[in-house]
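We use all heavy atoms of the structure for the numbers below, so side chains are in, but hydrogens, waters and symmetry mates are not.
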Amino acid sequence: MGLLAYLKTQFVVHLLIGFVFVVSGLTINFTQLCTLALWPISKQLYRRVNCRLAYSLWSQLVMLLEWWSCTECTLFTDQATVDHFGKEHVVIILNHNFEIDFLCGWTMCERFGVLGSSKVLAKKELLYVPLIGWTWYFLEIVFCKRKWEEDRDTVMEGLKRLADYPEYMWFLLYCEGTRFTETKHRVSMEVAASKGLPPLKYHLLPRTKGFTTAVQCLRGTVAAIYDVTLNFRGNKNPSLLGILYGKKYMADMCVRRFPLEDIPVDEKDAAQWLHKLYQEKDALQEMYEQKGVFPGEQIKPARRPWTLLNFLCWATILLSPLFSFVLGVFASGSPLLILTFLGFVGAASFGVRRLIGVTEIEKGSSYGNQEFKKKE
């Protein structure tokens with residue numbers, strides 16, 4: 001085992017990475033709070049500044065995927081589709097099967113220059129997650145309670161506010177509403193059968209209201225829908241902890257572009273279009289299961305150095321005073337001071353672990369276990 005491989009497995013190294021992420025994140029959140037003064041002066045300037053602040057935080061997670069674990073991401077698409085990347089507002093439809101599916105999406109956002117301006121329709125619980133939810137708040141992310149009667153007006157207002165967004169944005173929709181589990185899949189297929197819809201093997205029944213509302217509110221702003229079907233070679237089920245330990249994964253993403261004018265304007269027709277899309281996604285996953293590849297040309301966008309340089313910059317700024325402080329604590333010889341410091345380290349470790357836990361499948365929400373039985 002080489003030195004770098006050894007360091008990737010060490011808890012102290014993980015704690016230092018977590019320290020840099022948390023402290024830089026709090027610094028960024030405080031800076032974002034200060035930028036609120038820009039809103040009445042220039043809304044667009046506020047947005048551009050916050051896109052770059054968000055990039056400085058999100059790119060640290062992308063760095064872990066690209067440079068720490070050296071995970072490779074391959075696109076299965078055509079060059080004509082890739083030529084549009086980063087040059088238009090789009091809605092992304094991504095399957096929600098893996099703990100790091102969002103991170104694979106982010107690495108593509110980074111490589112095409114839209115990481116800071118990326119958007120998502122997120123569950124409201126995430127708003128209260130330190131760093132992640134707070135950063136999203138300043139980015140005008142649309143939060144929902146996943147109860148359509150309560151969400152309708154909030155979601156529509158939030159989407160319409162993005163109509164004049166100054167930076168190209170990729171708006172992520174998890175149309176299944178929650179991450180795939182066997183229990184949720186079984187309940188979902190019971191609902192599909194009751195509605196006379198074809199069964200899906202690898203996906204949950206898509207929730208159409210969020211999709212049709214997004215298309216309705218962003219029509220005229222968004223140029224296309226990107227359908228992304230993600231899987232991992234070797235039947236791997238990657239985790240954020242695995243990434244932190246330096247495990248390398250091979251991610252494959254089948255990307256199809258649908259111009260927005262091809263999406264029906266009528267809500268019922270748009271819902272039927274989405275159901276048909278998920279049947280096609282299921283067929284793509286079946287093909288991947290059997291052949292180990294998606295159809296289309298294989299394209300590997302090169303990783304960029306900015307995520308690594310951003311992290312090294314933050315690490316240099318934050319770790320130097322930390323090391324000086326730690327040396328001072330132990331040089332003091334004070335048992336109380338040393339025990340207090342060790343207690344702080346334990347609390348910090350617990351906090352970082354809780355942040356990682358947000359992505360874990362077994363700790364995901366129960367949404368979808370029973371809610372599928374209710375009428376959309």
Side-chain angles (χ1 to χ4, degrees), residues 75-78 80-82 84-85 88-98 101-102 104-105 108-109 118-121 144 146 148 155 159 169-180 184-185 188-189 191-219 221-231 251-291 293-297 368 372 376:
L75 300 179
F76 289 75
T77 186
D78 56 81
T81 296
V82 174
H84 285 93
F85 289 178
E88 58 185 356
H89 295 302
V90 299
V91 171
I92 305 285
I93 296 177
L94 177 64
N95 54 304
H96 203 10
N97 299 69
F98 305 99
D101 45 33
F102 76 96
C104 292
M108 285 299 121
C109 287
S118 61
K119 307 294 180 189
V120 65
L121 182 61
C144 62
R146 299 190 292 192
W148 186 243
V155 170
L159 291 170
M169 63 177 177
W170 286 8
F171 190 97
L172 173 62
L173 282 179
Y174 286 121
C175 292
E176 295 161 272
T178 186
R179 190 177 276 118
F180 184 100
K184 293 175 184 178
H185 180 254
S188 176
M189 290 307 98
V191 174
S194 70
K195 293 184 176 182
L197 294 169
L200 301 172
K201 184 177 180 181
Y202 302 99
H203 301 86
L204 304 179
L205 190 68
R207 308 245 174 179
T208 60
K209 285 189 173 64
F211 170 76
T212 57
T213 300
V215 169
Q216 174 189 350
C217 293
L218 294 176
R219 196 176 289 274
T221 300
V222 164
I225 304 290
Y226 292 173
D227 171 54
V228 182
T229 304
L230 169 69
N231 213 323
D252 291 330
M253 289 179 273
C254 180
V255 183
R256 300 182 296 164
R257 181 182 184 275
F258 299 92
L260 200 69
E261 55 264 26
D262 292 351
I263 313 302
V265 175
D266 179 77
E267 182 177 351
K268 289 185 179 179
D269 291 340
Q272 291 177 359
W273 183 92
L274 183 65
H275 283 301
K276 182 175 181 293
L277 180 76
Y278 267 78
Q279 292 161 26
E280 294 171 358
K281 288 172 74 71
D282 225 48
L284 288 170
Q285 291 285 31
E286 182 65 27
M287 177 182 177
Y288 192 89
E289 185 75 16
Q290 294 176 1
K291 299 182 178 180
V293 293
F294 289 118
E297 178 185 354
F372 271 113
E376 271 196 283

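- The side chain to side chain donor-acceptor pair (under 3.5 Å) check on Ser118 picks up nothing, with sequence neighbours excluded.
- Using a 4.5 Å cut-off on side-chain heavy atoms (C-beta onward), Val91 and Val215 make no contact.
- Contact of the Cys217 side chain with the Val155 side chain is not registered, since no non-hydrogen atoms from C-beta on lie closer than 4.5 Å.
- A donor-acceptor pair under 3.5 Å is formed between the side chain of Gln285 and the backbone N or O of Leu230.
- For Tyr226 and Phe85, the ring centers sit closer than 6.0 Å to each other.
- Judged purely by atom type and a 3.5 angstrom limit, Ser194 uses its side chain to pair as donor or acceptor with the backbone of Val191.
- Under the 3.5 Å distance criterion, the side-chain polar atoms of His275 are left unmatched by any main-chain donor or acceptor of Pro198.
- A distance of 4.5 Å separates CE in Met189 from CG in Leu200, rounded to the nearest 0.5 Å.
- Under 3.5 Å, the side chains of Tyr202 and Asn95 contain no donor-acceptor pair of N or O atoms.
- Of the inter-residue distances, the one linking Lys209 atom NZ with Gln216 atom CD reads 13.0 Å to the nearest 0.5 angstrom.
- Thr81 has its side chain out of reach of Leu75: every pair of non-hydrogen atoms, C-beta onward, lies at least 4.5 Å apart.
- Lys281 contributes a side-chain N or O that, together with a main-chain N or O of Val228, makes up a donor-acceptor pair within less than 3.5 Å.
- Side-chain atoms of His89 never come within 3.5 Å of backbone atoms of Ala223 as a donor-acceptor pair (strictly under, hydrogens ignored).
- For the pair Asn97 (side chain) and Phe180 (backbone), a donor-acceptor distance under 3.5 Å is absent.
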Tell me which donor-acceptor pairs under 3.5 Å the side chains of residues 253-262 have, and how far apart each pair is, sequence neighbours excluded?
| residue | atom | partner | partner atom | Å |
| --- | --- | --- | --- | --- |
| Arg256 | NE | Asp227 | OD2 | 3.2 |
| Arg256 | NH1 | Glu280 | OE1 | 2.8 |
| Arg256 | NH2 | Asp227 | OD2 | 2.9 |
| Arg256 | NH2 | Glu280 | OE1 | 3.3 |
| Arg257 | NE | Glu88 | OE2 | 3.0 |
| Arg257 | NH2 | Glu88 | OE1 | 2.9 |

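- Leu159 places a side-chain heavy atom less than 4.5 Å from the side chain of Leu218.
- Partners of His96 according to the side chain to side chain donor-acceptor pair (under 3.5 Å) rule, which considers only residues two or more places apart in sequence or in another chain, are Asp101.
- You'll find the side chain of Val120 stays beyond 4.5 Å of the side chain of Phe102, heavy atoms only.
- Residues Tyr278 and Leu204 are not in side-chain contact: their nearest non-hydrogen atoms beyond the backbone lie 4.5 Å or more apart.
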